[in-house]
Amino acid sequence: MHTDKYAYSANVNNRLETRLSNNIVLADLTRILSEKNIKADPKSNAHFRKGWRSGGGSALAVIFPETLLQLWQSLQICVKANTIIVMQAANTGLTEGSTPSGDDYDRAVIVINTLAIDKLFLINAGKQVISLPGATLHQLEKQLAGIGRAPHSVIGSSCLGASIVGGVANNSGGALVKRGPAFTELSIYAQVNEHGELILVNHLGIELGDSPESILTNLQQGEFAHKAVPRSHKMASDKEYIERIRDVNADSPSRFNADKRRLYESSGCAGKLAIFAVRLDTYPVAEREQTFYIGTNDTKELAQLRKQMLSRLTNLPEVGEYMHRDIFDISQKYGKDTFLSVLHLGTEQLPRLFSIKGRIDGVLNKVKWLPNALTDKCMQGLSRFFPQHIPPRLLKYRKDYEHHLILKMSNEGIAEAESFLSNFFSKSKTGSFIVCDANEAKRAYLHRFAAAGAAIRYHSMRANHVGDILALDIALPRNEIDWLEKLPEELDKQIDKKLYYGHFFCYVFHQDYILKKGVDAQKVKKQMLAILNSRGAKYPAEHNVGHLYEAESDLKTFYEFLDPTNTFNPGIGKMEKTKRSCACCL
């Protein structure tokens, strides 16, 4: 009886100490950031604690530093108080990697959102850029347009406001054939070392000062951007990717998250570091571009086309996006509002519209008598009143062909590709191609862009009739000929819709499965991954492990090296969430 009383007293004291400690942390953060940049109320910060597609968890607070120095000071407070730190920018990831996951952490969680720190500095005549943690791909694309250059990625997530630093941290690849994963060896970041100390590392290749405070203040002000920045022997992009993708006989994928060739400090860190800036290459914009639309009913024909173009052509494609007929149909119907929004409002407005929609959903979802996904249902209903948005020739290809490839060539590659395609399909009975006009090209890319969201919309609209959605992001070996999977009948009959699309020349595919009602999603996922393992595939390919995938051994070792105490983003890759032993505790 006495033991129970003492145990109860100890628990009460522990709770009081925890509450007191949490209050001290919040007071210290308020002193640095002011109240307006701290959201501790679970109702007001729910939007920032939930993943874009799935996942979420609790947090003591979500904070919004406005300068690099405030970010550093906030990190100091969090490390001193022994809190967990989850770094976040746009939170557009698909694997739950930039939010807390559940409520089973052993320490309080602080989410640090960096979107307000969004400066960009073009250096060396715009051939490189230095990006602070909140700057977005769309922001950079717009800034570079005036000087005839482009960022690493110009399609897809950039339109949703994805951050540049987030792309680097997650090995994001994108649709551009020649550029590979977002990668740099030049960055400034903070980490907690094996002694439990917060340290700042300047590997940007620019002298900025001797102390963290002076380095970050000088970086924020960007005085270095007005003069020539010293060149570095270190890479600011994956300069070896073209050679790698041309090796079509290799039995390994061209790019995937656990590829240790491209795990370096900030690159691939997945939030295991606090990144203050990255230095990246930019690319010249092509003088001329031409889109070809390819259709076939033979998967091997498309595989041979890829193999021959990569190995024989002097000029590689700029873009090669694949769509199966089923995702064509889903995107046409359930991605129509996204398509029309981009077409008529432009990509600049899209991040704001998605943010507004997210906040409206957050409010409406709390009203129990309202149906789920009400905004999606309203937009889906409104889209029906708009005329057909897919050009007639593309609709004919949808009718005639099961497999579709949107191919963009540039400059000298245009004539080379047209000659190749004419010869390749001259005797084909299963495929053909057309040369797109400007309107057809624009609408083909928008149709492909809308595909991922359309899969989610389809699932939302049919939530009462179908089971979970299982989204896999895979990379196939470069020498694979039978690239389209053939599922066992026992597994296939559990699926309502199989939706295949992706970056064909990189052999990176997004495979979304809408399961039938009552099907065990985790069991199906386990079976799917076993099949992928037998094919030599790697996963995830470009969205990082987050909290949905188990990290491979190389990736686990990398995470542990970057974050020996497990302070940053614990639990990703299905790793432990608890504080890890470090030198200061021995």
Side-chain angles (χ1 to χ4, degrees), residues 29 33 37-42 44-68 70-75 77-79 83-102 105 107-118 131-139 157-158 160-172 182 187 189-192 266 268-278 351 354-355 358-359 362 543-548 559 562-563 567-573 577:
L29 290 170
L33 303 174
N37 289 326
I38 298 176
K39 293 183 183 293
D41 180 0
S44 68
N45 65 26
H47 174 71
F48 303 95
R49 294 185 291 102
K50 293 181 180 179
W52 188 70
R53 180 179 276 182
S54 64
S58 60
L60 174 60
V62 181
I63 65 174
F64 305 84
E66 295 181 327
T67 67
L68 295 175
Q70 285 185 350
L71 174 55
W72 171 254
Q73 292 169 334
S74 299
L75 290 169
I77 291 169
C78 292
V79 172
T83 71
I84 284 168
I85 300 166
V86 176
M87 301 300 300
Q88 179 188 91
N91 192 22
T92 58
L94 301 179
T95 56
E96 307 177 9
S98 55
T99 59
S101 180
Y105 294 99
R107 294 151 284 167
V109 177
I110 299 290
V111 178
I112 303 182
N113 184 288
T114 61
L115 272 186
I117 314 173
D118 62 354
S131 170
L132 301 195
T136 66
L137 276 168
H138 178 73
Q139 182 184 342
S157 58
S158 62
L160 301 179
S163 71
I164 297 164
V165 163
V168 172
N170 291 310
N171 291 121
S172 298
S187 64
Y189 58 88
Q191 70 179 146
V192 176
S266 297
C269 73
K272 283 295 186 179
L273 302 171
I275 305 173
F276 288 84
V278 293
F354 270 87
S355 179
R359 284 171 170 77
H543 289 156
N544 221 306
V545 290
H547 289 278
L548 297 183
Y559 292 159
L562 295 180
D563 184 24
T567 296
F568 288 96
N569 216 6
I572 60 165
K577 290 184 174 180

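Just so it is clear, the structure is predicted and the values come from calculations on it, not from any experiment. Counting from 1, the numbers follow the sequence of the chain as shown.
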Trainee: Tell me if a side-chain donor or acceptor on K272 pairs with a main-chain N or O of D563 at a distance below 3.5 Å.
Mentor: no

Trainee: I need the minimum non-hydrogen distance between S98 and N91, along with the two atoms involved.
Mentor: OG-OD1, 2.8 Å

Trainee: Who pairs with K39 by salt bridge (charged side-chain N to carboxylate O under 4.0 Å, His left out), at least two apart in sequence or on another chain?
Mentor: none

Trainee: Please enumerate all residues that pass side chain to side chain contact (heavy atoms under 4.5 Å, CB included) together with A270, with sequence neighbours excluded.
Mentor: N170, N544, Y559, I572

Trainee: What pairs with F48 under ring-ring contact (aromatic ring centres under 6.0 Å, His included), at least two apart in sequence or on another chain?
Mentor: F64

Trainee: Say you draw a straight line from CD1 of I112 to CD1 of I63; how long is it, rounded to the nearest 0.5 Å?
Mentor: 4.0 Å

Trainee: Who passes side chain to side chain contact (heavy atoms under 4.5 Å, CB included) against C269, sequence neighbours left out?
Mentor: A169, L273, I275, L562

Trainee: When rounded to the nearest 0.5 angstrom, what is the spacing between CD in E66 and CG in L115?
Mentor: 12.5 Å

Trainee: Could you work out, with side chain to side chain contact (heavy atoms under 4.5 Å, CB included) as the rule, every residue matching S187, not counting sequence neighbours?
Mentor: Y189, E265, S266, V278

Trainee: Indicate yes or no for a side-chain donor-acceptor contact from R49 to the backbone of S101 under 3.5 Å, with no hydrogens or angles considered.
Mentor: no

Trainee: Listed by chain and number, what are the ring-ring contact (aromatic ring centres under 6.0 Å, His included) partners of H543, not counting sequence neighbours?
Mentor: H510

Trainee: Where do P570 and Y105 come nearest, in terms of heavy atoms and distance?
Mentor: O-CE2, 3.6 Å

Trainee: Look up atom CE in M87 and atom OG in S163, then write down how far apart they are to the nearest 0.5 Å.
Mentor: 10.0 Å

Trainee: Has E96 got a side-chain atom pairing as donor or acceptor with G51's backbone, closer than 3.5 angstrom?
Mentor: no

Trainee: How far does OG of S54 sit from NE2 of H547, to the nearest 0.5 angstrom?
Mentor: 10.5 Å

